[in-house]
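By convention here, the first residue in the shown sequence is residue 1. Whatever order the structure lists them in is the order used to number ligands and atoms, beginning at 1. Remember, predicted model here, so these are calculated numbers, not experimental data.
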Amino acid sequence: MAAKVIDGKALAEKVRAGLCAEVEALRKKTGSVPCLAVVLVGENPASKIYVNMKEIACEKVGMKSRKIQLDESVAEKRLLDEVKALARDPEVNGILVQLPLPRQLREQVVIESVPPEKDVDGLHPFNMGRLLAFADPLFVPATPKGVMALLKEAGAVLDGANAVVVGRSNIVGKPVAALLLKENATVTVCHSKTGDLAAHTRAADVLVVAVGRPKLVGADMVKKGAVVIDVGTSKMDEKLVGDVDFAAVREKAAAITPVPGGVGPMTIAMLLDNTLSAFKRQKGLL
Ligand code: GUN
């Protein structure tokens, strides 16, 4: 039997409807609404699209957004000054610096310049450290938070499950691994230096793939009845494709996310959710 296709678009819609109602209630109660500031450096086409999508998503749920566009060649000091100004601005509740950054900018220095209480990306070491310590981070990174919501939606059992994460990025792989571990899964993290990738993935009850290599995971690499979350997004012939061979794997898995329409919409919904909680915390409502 073909796998259940986990509908990220529908779930994101549900989350957004809830956010919309809460934003309206907060507007009535406080006279203001949450505001997300997004800093975009340079002209990376994918980043430009993501930033636009974030702005539109804010508007749709009644939140404000502010875009700061800086030149590709901007000096690190100038970028840090911009972030500092946003950090001080009481009208701004959440700050996101779109990644990747041009080479002259040290990503970790920029990430650490965002105050933890406005770090809606959840990438500051204060939040990442607390995530790993199971000690109430102020924010969980949006994509990993979306992955966990999709697993819950699919009814995946995590307690005692073998969970395999392919990819070890700070944005996805590492935080997903921490969240799965918190849910009592036995977690394996695979990466580009992993010897026999298929041997690991075949043992996975829950498989999360976040690499950015089209069709890296075929049906022969998936256990029958596994739950598969595909975080990959690559452009192929102008089409968005994931890291998993969807058509083949859906015949073997119990549940699988499509690309597009799986993790992507959830990432933005979770970013908005983080922005809402930043607002509430800053207003003393959390
Ligand atoms: N670039 C791709 N995904 C992300 C994300 O989740 N946050 C930021 N800041 N940049 C990204």
Side-chain angles (χ1 to χ4, degrees), residues 8 12 15 36-58 65-70 72 74 76 79-80 82-83 86-87 92-103 105-116 118-128 131 137-150 165 167-179 208-213 229-235 240 242-243 257 259-260 262-275 277-278:
V15 173
L36 172 69
V38 183
V39 182
L40 174 62
V41 183
E43 306 289 331
N44 180 318
S47 290
K48 278 169 108 165
I49 292 171
Y50 291 142
V51 167
N52 275 341
M53 285 165 73
K54 287 166 187 171
E55 283 187 285
I56 292 166
C58 280
S65 71
R66 202 184 292 179
K67 181 164 119 182
I68 289 92
Q69 166 85 60
L70 298 170
E72 181 84 28
V74 72
E76 190 175 276
L79 172 57
L80 295 176
E82 289 287 348
V83 175
L86 295 170
V92 171
N93 306 108
I95 303 171
L96 179 145
V97 181
Q98 187 66 28
L99 305 174
L101 292 170
R103 287 178 51 185
L105 304 168
R106 291 169 297 172
E107 215 155 88
Q108 194 61 25
V109 170
V110 175
I111 285 168
E112 291 182 23
S113 73
V114 176
K118 291 193 180 184
D119 172 39
V120 286
D121 243 346
L123 298 178
H124 190 288
F126 179 92
N127 287 314
M128 283 286 251
L131 180 66
L138 304 177
F139 304 100
V140 171
T143 303
K145 198 168 163 177
V147 167
M148 298 309 285
L150 289 162
V165 180
R168 56 172 157 179
S169 69
N170 289 336
I171 291 184
V172 186
K174 282 184 218 166
V176 163
L179 290 165
V208 180
V209 193
V211 181
R213 286 212 1 229
I229 307 289
D230 188 352
V231 188
T233 47
S234 310
K235 269 268 180 78
L240 204 61
D243 292 341
T257 57
V259 177
V263 175
M266 285 304 289
T267 291
I268 298 199
M270 292 299 145
L271 172 66
L272 299 178
D273 189 48
N274 281 349
T275 306
S277 66

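A distance-only check finds a donor-acceptor pair linking the side chain of Glu72 to the backbone of Glu43 [under 3.5 Å]. Formation of a donor-acceptor pair under 3.5 Å by the Asp121 side chain with backbone atoms of Ala142 is not found in this model. No donor-acceptor pair under 3.5 Å is formed between the side chain of Glu55 and the backbone N or O of Tyr50.
Every protein residue with a heavy atom nearer than 4.0 Å to ligand 1 is included here: Leu96, Val97, Gln98, Leu99, Asp121, Ile171.
With rounding to the nearest 0.5 angstrom, the CG atom of Leu99 is 10.5 Å from the CG atom of Leu105.
The minimum heavy-atom distance linking Val114 with His124 is given by the pair O-CD2, 3.1 Å.
Shown here is Lys235, whose NZ atom has no more than 12 heavy atoms of other residues, nucleotides or ligands within 6.0 Å.
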